[in-house]
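See below for the structure under consideration.
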Amino acid sequence: MTYQTEFGGGWTQRKLEVLKKYLQAYTRVFERSRRAGFYKISYVDAFAGTGTLRRPGLGGLAKYFPELENDEREFRKGSVRRALEIEPHFDKYVFIEKDAEKCAELSSVSAEYSDRKVRVLNEDANSALLDWCRNLDARGERAVVFLDPFGASVKWEVIAALGQTRAVDLWVLFPYFAINRMLPRSHRPPKSWADRLTSIFGTDEWESCFYATTAFKSLLDSHRIESVRRSADHRDIIDFFVTRLKREFVDVSRPFPLHNSRGSLLFILFFAAGNAQSARLGLKIANDIIGKSIDS
Ligand SMILES: C[S@@+](CC[C@H](N)C(=O)[O-])C[C@H]1O[C@@H](n2cnc3c(N)ncnc32)[C@H](O)[C@@H]1O
């Protein structure tokens with residue numbers, strides 16, 4: 001898919017920079033505030049990858065421009081490595097990845113940070129997160145969860161469960177590109193796509209919001225004819241997701257759109273604050289970071 005050919009490039013870096021800045025601010029708040037310092041804090045990366053972004057090598061260039069090599073090393077750091085580098089660090093890290101080989105790489109990256117408490121789970125993110133939510137002690141724990149799938153793989157029940165913990169700050173990538181492709185313009189989606197969309201949005205109301213039906217009588221035999229067309233544009237689709245997110249979380253940040261080099265909208269990164277007491281501060285920090293990244 002288009003967005004994988006650029007993996008590791010512009011929009012990936014912007015996404016990871018925003019996440020890292022937020023994680024940095026988050027652990028500082030918990031270190032500095034006595035009230036916040038009461039909580040044990042976790043970072044959960046549910047589509048963790050390997051800790052390293054796959055990009056073509058620099059080849060012969062590296063020899064002539066050693067500074068490029070340093071930049072490249074920074075560029076190649078995935079979300080896991082960037083999270084592990086944060087100081088002050090989290091009390092616990094949970095990395096979920098369904099690919100066993102990638103899990104082995106995650107374990108060796110984690111071993112480089114021997115003072116970090118890390119669990120690597122070779123599981124499906126949706127079921128592992130539901131388990132994790134059930135075991136979270138919201139009286140003494142807070143967490144940042146990052147959902148960074150390639151496409152439309154996060155089930156709504158997982159987002160709802162994260163919100164209901166009232167202890168999670170969520171960074172979630174809304175897969176606009178994949179969803180847009182499942183919403184044909186001149187007819188409703190086939191059943192398998194419709195089921196998928198219902199599982200992503202957690203409701204089948206998307207159908208009446210995104211499609212308009214016009215009925216008219218046939219001139220030939222007075223039969224009723226119905227024509228269906230998609231009435232929703234990209235703003236309606238994004239607003240629908242934000243409205244859903246706001247039902248489960250205290251509040252949601254401004255959108256951070258991620259386009260590929262051809263200008264196509266691939267994903268939108270959102271921050272959602274789950275805890276009423278910390279939501280205002282969390283939102284302020286997230287919106288500031290997003291605002292500066294959009295302007296830069
Ligand atoms: C976009 S990549 C993550 C990149 C990572 N955040 C980084 O910055 O390096 C998505 C990852 O999710 C994994 N994945 C895909 N479906 C999954 C699932 N259902 N559960 C857990 N991991 C999954 C893929 O193997 C892939 O490594």
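Order of appearance sets the numbers: ligands from 1, and atoms from 1 within every ligand.
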Would Tyr113 and Asp115 count as having a side-chain donor-acceptor pair, cut-off 3.5 Å?
no

Distance filter under 4.0 Å to Asp124 heavy atoms, resulting ligand 1 atoms
18 (C), 19 (N), 20 (N)

Please report whether ligand 1 has a polar contact with Lys102, defined as an N or O pair separated by less than 3.5 Å (distance criterion only).
yes

Roughly how far, to the nearest 0.5 Å, is CD1 of Ile238 from CD1 of Ile268?
3.0 Å

Residue part near ligand 1, for Ala46, under 4.0 Å between non-hydrogen atoms
backbone

At a 4.0 Å threshold, what atoms of ligand 1 neighbour a non-hydrogen atom of Glu123?
20 (N), 21 (C)

Closest to atom 10 (C) of ligand 1 (heavy atoms only, candidates Asp45, Asp148, Leu173, Thr50) is Asp148

Heavy-atom proximity to atom 7 (C) of ligand 1, best of Gly51, Ser79, Gly151, Ser153:
Ser79

Could you see which bit of Val80 sits under 4.0 Å from ligand 1, with heavy atoms only: side chain, backbone, both or neither?
neither

Would you mind checking if Asp131 and Arg134 are paired as a salt bridge, meaning a charged N to carboxylate O distance below 4.0 Å?
yes

So, using side chain to side chain donor-acceptor pair (under 3.5 Å) as the criterion, who are the partners of Thr198 when residues are at least two apart?
Trp206

Before accepting this row, confirm whether a basic side-chain N of the pair Glu87/Arg116 lies closer than 4.0 Å to the acidic partner's carboxylate O.
yes

Is it the case that Arg142 places NZ or CZ above or below the six-membered ring of Tyr39, under 6.0 angstrom from the centre and within 45 degrees of the axis?
yes

Using a strict 4.0 Å threshold on nitrogen-to-oxygen distance, state whether Asp148 and Lys15 make a salt bridge.
yes

If I apply the N/O under 3.5 Å rule, does Ala125 come out as touching ligand 1?
yes

Element-labelled atoms of ligand 1 that are located less than 4.0 Å from some non-hydrogen atom of Gly49:
27 (O)

Sub-4.0 Å atoms of ligand 1 with respect to non-hydrogen atoms of Leu53:
8 (O), 9 (O)

What do we get for Thr12 next to ligand 1 when only non-hydrogen atoms under 4.0 Å count, side chain, backbone, both or neither?
neither

Tyr26 side, atom OH; Ser278 side, atom OG - distance, nearest 0.5 Å
7.0 Å

